[in-house]
Amino acid sequence: MKIATFNINGIKARLETFTSWLESAQPDVVLCQEIKSVDEAFPRQPIEDLGYNVETHGQKGFNGVAIVSKLPLEDISRGLPGDDSDEQARWIEATVVGDHTAVRLCGLYLPNGNPVDFDADGQPIRDGKYGYKLDWMDRLHARAKVLMAEEMPALMGGDYNIIPQSEDAANPKAWEKDALFLPTSRQAFRAILNEGFTEAFRARTQAPGHYSFWDYQANSWERNNGIRIDHFLLTPQCADLMTDCWIERDVRAMTKPSDHVPVWIELDA
DNA sequence: ATGCCTAATGGAATTAGA
């Protein structure tokens, strides 16, 4: 079972890029982020015509997540638990059944968190957009603990907006005061990992220089000024099924590309 | 230090991304 996570940066602007990628790459499942569309406006038909089921959790203008799958999607759940007042569409779950076992799939678009305000001691202040990011990560942690306790194959994949280590940025110095790389952000990410999750890509290699995002600005792609912020976290039961994990770098060179590329895992499920 | 570029909204300039 080949599963990809892909921040597509607007499904309506990216439809041709996305469908041509689907046709050639043939993923079994795609966790999509930043669909930037309400559910009713999501262009389901051209994707369904390629043999995929579509489940969306959209909102107007920004954010929005979806799951696109050749396999039937069961027990759909929309929205990250823990705050009924949160109106941002950043979380969707579904179960797929493979040849051997069922896998619970969680697709997520973690808040960016910039800009960050700092106090007189240079410490980040937990308010505004950065406060929302950390609060959202606390809720993610809570959901992750429940998944872990269920002792089933499950994964959380998506745009985490977290640069886990210096090795995950071409120019880590430039990100020191950024919500994606602040120690408090990385600590919150590690706290989730430390529940017992496997970060799929780092289970394959410790090598630096592997990125999943290159800014549209300042010729970042041409200069390979990238960061690795799209991740898969696996429960132990899911990690046992993993046969491979890789980043499909070349997608960034397609016509009208997203600023992110797909990250893949293969499961013997 | 800031903007660079792109998408959505709404029908121009602003918000948001990272």
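Order of the sequence lines sets the chain letters (A, B, ...), proteins ahead of strands, with each chain counted from 1.
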How is A:A13 classified with respect to the nucleic acid when contacts are heavy atoms under 4.0 Å: base, sugar-phosphate, or nothing?
-> sugar-phosphate

Determine the contact category for A:F181: base if any of its heavy atoms lies under 4.0 Å from a base atom, sugar-phosphate if only primed atoms, P, OP1 or OP2 are that close, otherwise nothing.
-> nothing

Here the residues of residues 3-11 of chain A within 4.0 Å heavy-atom distance, strictly under, of DNA chain B are A:N7, A:N9, A:G10

Taking atom P of B:dA7 as reference, at what distance in whole Å does atom CD of A:Q217 sit?
-> 13 Å

How long is the line joining CG of A:D159 and P of B:dA16, in whole Å?
-> 17 Å

What does A:R223 touch in the nucleic acid at a heavy-atom separation under 4.0 angstrom: a base, only the sugar-phosphate, or nothing?
-> nothing

Using the P atom in both, what is the distance from B:dT6 to B:dA18, to the nearest Å?
-> 16 Å

A:N161 has its side chain closest, among B:dG17, B:dA16, B:dA18, to B:dA18

Looking at B:dA16, B:dA7, B:dA18, which one has an atom nearest to any side-chain atom of A:R14?
-> B:dA7

Determine the contact category for A:D178: base if any of its heavy atoms lies under 4.0 Å from a base atom, sugar-phosphate if only primed atoms, P, OP1 or OP2 are that close, otherwise nothing.
-> nothing

In Å, rounded to the nearest 0.5 Å, how long is the span from NE2 of A:H141 to NZ of A:K145?
-> 5.0 Å

Considering heavy-atom distances to DNA chain B, does A:N219 or A:I35 have its closest nucleotide positioned more toward the 5' end?
-> A:N219

Would you please confirm or rule out a distance under 4.0 Å between OP1 or OP2 of B:dA18 and any side-chain N or O of A:N112?
-> yes

Nucleotide B:dG17, atom P - distance to NZ of A:K36 in whole Å = 9 Å

Is the distance from OP1 or OP2 of B:dA18 to the nearest side-chain N or O of A:Y109 less than 4.0 Å?
-> yes

Under 4.0 angstrom, heavy atoms only, what part of the nucleic acid is A:K129 near: base, sugar-phosphate, or nothing?
-> sugar-phosphate

Distance check: side-chain N/O of A:H260 vs OP1/OP2 of B:dA18, anything under 4.0 Å?
-> yes

